[in-house]
**Q** 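So that we are looking at the same thing, I have put the structure below in structure tokens.
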Amino acid sequence: MSARNFLTSGRKIVAIGRNFSEHAKELGNAVPKAPFFFLKPTSSYLSDGGTVEIPKGCEVHHEVELAVVLGKDGRDFSPEQAMDYVAGYALGIDMTARNLQFEAKNKGLPWSTAKGFDTFTPISDFIPKESIPDPSNVDLWLKVNDAFRQQGNTKDMIFNIPFLLSYVASIMKLEVGDVLLTGTPKGVGPILAGDIITAGLRPASATQDLVQVKFNVADRAGRFAA
């Protein structure tokens, strides 16, 4: 099993919530004092160039994130050991049906529906670990129809990647090909059918983007309706 083929080999997506304080504040949430996370199905992956589908009755928001791809199985490792388990990275977008999320939060229910639709994890190809020597200083951006929506840097994370990996691994085994979504900077907002989403990732030491992705947006045909 290869981490490079995480789109087909990974068993879970672990998504960290509210890991940028300004994003937490823009949604009216308290800034967390400890990490929290939710799980997304790997069936929600969408490769570069694909089409994000908006379910009926849903207000869908974009959340650009640095994704960490696991290179070996591990549990109960320390933050100092954590980077030994990293094979590489990817540029991901955590799509969220915000109205369904708010409804679930108000009722004290899980967010699985809001986060788990097919196409709700658009993501780039695998980025080798050596291409991002310092994951704590990576610029992230996202545009909708050529207008910037999100521009941030991973240095503003509340909890850094080694700490997050160690925390999650203290709860559940992390496996080859698993992906950790590390949180999103401020600027999240809605998308509509017909929009074009582009996003990019640049290590702070680089002079140009290491990766760019592009996705179309369309209404979803199906039985679900909010």
**Q** Take Thr119 and Thr51 through the test side-chain contact (heavy atoms from CB on, under 4.5 Å) and record every step on the way to the result.
**A** CA-CA 7 Å; Thr119 78; Thr51 299; over 6 Å; no

**Q** Taking atom CG of Asp73 as the centre, report whether more than 12 heavy atoms of other residues, nucleotides or ligands fall under 6.0 Å from it.
**A** yes

**Q** Would you check if the side chain of Arg149 reaches a backbone N or O of Pro190 as a donor-acceptor pair within less than 3.5 Å?
**A** yes

**Q** Is the distance between the ring centroids of Phe77 and Tyr85 under 6.0 Å?
**A** yes

**Q** Quick check against the 3.5 Å criterion: does Lys56 have a side-chain atom that pairs as donor or acceptor with the backbone of Gly222?
**A** yes

**Q** Tell me, do Glu63 and Lys115 make a side-chain contact under 4.5 Å, heavy atoms counted?
**A** yes

**Q** Does any donor atom in the side chain of Lys214 or Thr198 lie under 3.5 Å from an acceptor atom in the other side chain?
**A** no

**Q** Whether the side chain of Asp178 engages the backbone of Val14 through a donor-acceptor N/O pair (distance < 3.5 Å, no angle test) should be reported.
**A** no

**Q** With under 30° as parallel and over 60° as perpendicular, where do the rings of Phe117 and Phe224 fit, or are they tilted in between?
**A** perpendicular

**Q** Check for a donor-acceptor pair, side chain of Thr154 on one end and backbone N or O of Pro135 on the other, with a separation under 3.5 Å.
**A** yes

**Q** Just checking Asp146: does its CG atom have more than 12 heavy atoms from other residues, nucleotides or ligands closer to it than 6.0 angstrom?
**A** no

**Q** Can you tell me how far apart CD1 (Ile54) and CD1 (Ile191) are? Round to the nearest 0.5 Å.
**A** 4.5 Å

**Q** Compare all side-chain heavy atoms of Pro162 with those of Val86 and state whether any distance is below 4.5 angstrom.
**A** no

